[in-house]
Number of protein chains: 2
Amino acid sequence: MTVEYKTRTQVVVEEIRKRILSGSIKAGEPLRQAALAEELNVSRIPVREALLQLEAEGLVEFEAHKGATATRLSAEQVTELFELRALLECDLLRRAIPLMTDEVFKAADRVRLKMTAAFEKSDEIISWSELNTEFHLTLYRPAGRHKTVELVHNLMINSDRYIRFHLLLAGGVTKADPEHHALLQLCQSKDIEGACQLLQQHILEAANEINTILVRSESR
Amino acid sequence: MTVEYKTRTQVVVEEIRKRILSGSIKAGEPLRQAALAEELNVSRIPVREALLQLEAEGLVEFEAHKGATATRLSAEQVTELFELRALLECDLLRRAIPLMTDEVFKAADRVRLKMTAAFEKSDEIISWSELNTEFHLTLYRPAGRHKTVELVHNLMINSDRYIRFHLLLAGGVTKADPEHHALLQLCQSKDIEGACQLLQQHILEAANEINTILVRSESR
DNA sequence: GCAGGATATATTGTATACAATAAATGATAT
DNA sequence: ATATCATTTATTGTATACAATATATCCTGC
C-alpha cells in the first residue's frame with residue numbers, strides 16, 4: 001500500500017469538491033477564503049490554491065478581488081455539457097471496443113455489481129455516482145486516449161451535481177443498471193455501432209430529463 | 001477603452017505562457033518558482049498561482065514538492081490532441097454554419113487578411129498563430145456553445161507549440177490561406193458536409209505532418 | 001427622503017518568513 | 001570501489017502579516 005502523502009492544498013481541493021458535488025455547498029454560493037481556511041484548519045494559501053484548481057475543473061468561478069463562487073450552470077449549459085459528453089464518450093467507446101480484453105469486461109461488471117449494492121443503501125448516492133463514473137471510464141480506457149479520458153472524467157464530475165436530480169427525481173438509477181448491462185453485452189459482442197448508439201441514447205436521455213427539471217426550476 | 005486592471009498573477013500567467021509557446025521555455029524544462037519570482041519582480045505566491053493555472057491549461061506539469069516543468073508531449077499525445085480538435089471543431093462548425101450571419105463572414109475574412117499580412121513579416125509567427133486561432137474561433141462561436149469553444153480554444157493553445165514546426169518546416173502557412181479561403185466559401189454557401197470535411201482534413205493533415213517531424217526527432 | 005461622496009469594514013491579493021520535503025553531498029563500513 | 005546511511009543544501013509548501021481593492025455604512029447637503 002502506497003503512503004499517499006497529500007499536501008494540504010490537495011486535501012482542501014477534495015473537501016470543497018465533495019461539498020459542491022454533494023450539494024452541501026450550493027450553486028452560486030460564495031466561497032470565503034478566510035471562513036474555509038479556519039474551518040479546515042489551514043491558512044488561506046492552500047484554500048486559494050484549491051479554489052484555483054477547482055476553477056480549472058469548472059466547479060468554481062473566480063473573480064479578481066471579488067472572490068469565488070460555486071459555479072451555477074444554466075439549463076442550456078447543462079445540455080451543452082451532456083451533448084459534449086455524448087460526442088466524446090461515443091468516440092472513446094468506438095475506439096476502445098476493438099481493444100477490450102476479458103479483463104476489462106470482468107472489471108466493468110464488478111463495478112456494475114458494486115453499483116447495485118450501493119443503490120440498496122439509498123443514502124450512498126455519491127458513491128453510486130463515483131462508481132458510475134468508474135464503470136464508464138473502465139470501458140473507455142482501452143482506447144488508450146489518456147488526455148481525452150481525463151477530459152471526459154472532468155465533464156462527468158461537472159455533470160454529477162445534476163445527475164443527482166436525475167437519480168432522485170426521475171428514477172435514473174433503476175434505468176441505469178439494465179442499460180449498463182446491455183452496453184456491456186454489446187461491447188463484448190464487438191457491436192460498435194450498437195454500443196455507441198445505446199451509449200449516446202443513455203447520455204442524451206439523462207440530459208433531456210435533467211433539462212426539463214432545470215427549466216422548470218429556472219422559470220419558477 | 002476599459003481600464004483592464006490586471007492582478008500580478010494574471011500578468012505572470014501571460015508571461016510564462018508566452019515563453020512556453022514561443023519556445024523560450026522549452027518542453028521539459030523545470031520552472032523554478034524563486035527564479036521566476038525574482039525575474040518578474042514578484043513574490044513566489046503569484047508565481048505559484050500562475051503555475052497552477054498553466055497546469056490547468058495543460059502547458060505545465062506540477063508535482064508536489066518537486067516543482068513544475070513545461071509539459072512535454074509525445075508524438076502520440078500530439079496526435080490525440082489534434083484528433084480531439086478535429087472531432088470537436090467539426091461538431092462546432094456543423095452547428096455554427098446554419099447560424100452564421102454576414103457579419104461573421106466579414107469578421108473572419110478581416111482576420112484572414114491580417115494573417116497574410118503577419119505572414120509577410122516572417123518573424124511574427126506567434127501573432128500569425130493567434131490570428132489563426134481567432135479565425136477558427138470566429139467560425140465556431142455562432143454555434144453558441146460557450147464551453148465547447150473555450151475548450152477548443154485551450155486545445156489550440158496547446159497545439160500552438162507544435163504548429164510552429166508545421167509552419168516552419170512543412171510550409172504550413174502557404175497551404176493555410178487557400179484552405180481558409182475555401183472554408184469560408186463553403187460556410188457561406190451553407191455546405192455543411194463540405195466545410196466539415198475540409199476542416200477535418202485541414203486539421204488532420206497538419207497533425208500528420210507534425211507527427212512525422214516529432215517521430216523523427218524522438219527516435220533521434 | 002434621497003443623491004452623492006467620505007469613511008469604515010470586509011475581503012482578496014501579495015510579500016515575507018518559516019516548515020517540510022526531496023535531492024545532493026559526504027562519511028563510513030564492507 | 002561501492003553501497004548505505006547521515007548530513008547538508010535546494011526547493012517547495014504553508015502560515016502570518018500587510019497592502020490593495022471592493023463593498024457597506026454613515027454623513028452631508030439639498
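Order of the sequence lines fixes the chain letters, A, B, ..., with proteins taken first and strands second; residue numbering starts at 1 for each chain.
Phosphate proximity of D/dA10 to B/Arg32: absent, as no side-chain N or O sits under 4.0 Å from OP1 or OP2. Look at B/Arg8 and you won't find any side-chain N or O under 4.0 angstrom from OP1 or OP2 of D/dA20. One finds no side-chain N or O of A/Arg44 lying less than 4.0 angstrom from the OP1 or OP2 phosphate oxygen of D/dA17. OP1 or OP2 of D/dT14 has not a single side-chain nitrogen or oxygen of A/Ser43 nearer than 4.0 Å. Between A/Thr7 and the phosphate of D/dT12, there is no side-chain N or O to OP1/OP2 separation shorter than 4.0 Å. OP1 or OP2 of D/dT14 has at least one side-chain nitrogen or oxygen of A/Thr9 nearer than 4.0 Å. Using a 4.0 Å cut-off, no side-chain N or O of A/Lys66 falls inside it from OP1 or OP2 of C/dT12.
Using a 4.0 Å cut-off between charged side-chain N and carboxylate O, B/Lys147 and B/Glu150 make no salt bridge. Ion pairing between A/Arg19 and A/Glu15 holds under the 4.0 Å rule for side-chain N and carboxylate O. Using a cut-off of 4.0 Å between Lys/Arg side-chain N and Asp/Glu carboxylate O, A/Asp109 and A/Arg112 are scored as salt-bridged. With respect to B/Arg72 and B/Glu61, no salt bridge is recorded, no charged nitrogen being found less than 4.0 Å from a carboxylate O. Between B/Glu134 and B/Arg141 there is a salt bridge, with a side-chain nitrogen of the basic residue lying less than 4.0 Å from a carboxylate oxygen of the acidic one. A salt bridge links B/Arg145 with A/Glu83: at least one charged nitrogen is closer than 4.0 Å to a carboxylate oxygen.
Rounded to an integer number of Å, the gap from A/Arg48 CZ to C/dA15 C1' is 13 Å. Rounded to a whole Å, the CD1 atom of B/Ile45 is 13 Å from the C1' atom of D/dC18. For the pair B/Glu63 CD and C/dT21 C1', the interatomic distance rounds to 13 Å; values are reported in whole Å. Rounded to whole Å, atom C1' of D/dG13 lies 13 Å from atom CD of B/Glu49. Rounded to an integer number of Å, the gap from CG of B/Leu40 to C1' of C/dA15 is 15 Å. The NZ atom of B/Lys6 sits 18 Å away from the C1' atom of D/dT21 (whole-angstrom rounding). Atoms CD (A/Gln10) and C1' (D/dT12) sit 13 Å apart, rounded to a whole Å.
Comparing A/Gln33 and B/His65 against DNA chain C, the residue whose closest nucleotide sits nearer the 5' end is A/Gln33. Along DNA chain D, the nucleotide closest to B/Leu31 and the one closest to A/Ala64 are compared, and the more 5′ of them pairs with B/Leu31.
For residues 50-61 of chain A, proximity to DNA chain D is found at no residue, defined as any non-hydrogen atom under 4.0 angstrom from a strand atom.
Taking the six-membered ring wherever Trp is involved, the centroid distance between the rings of B/His153 and B/His136 does not fall below 6.0 Å.
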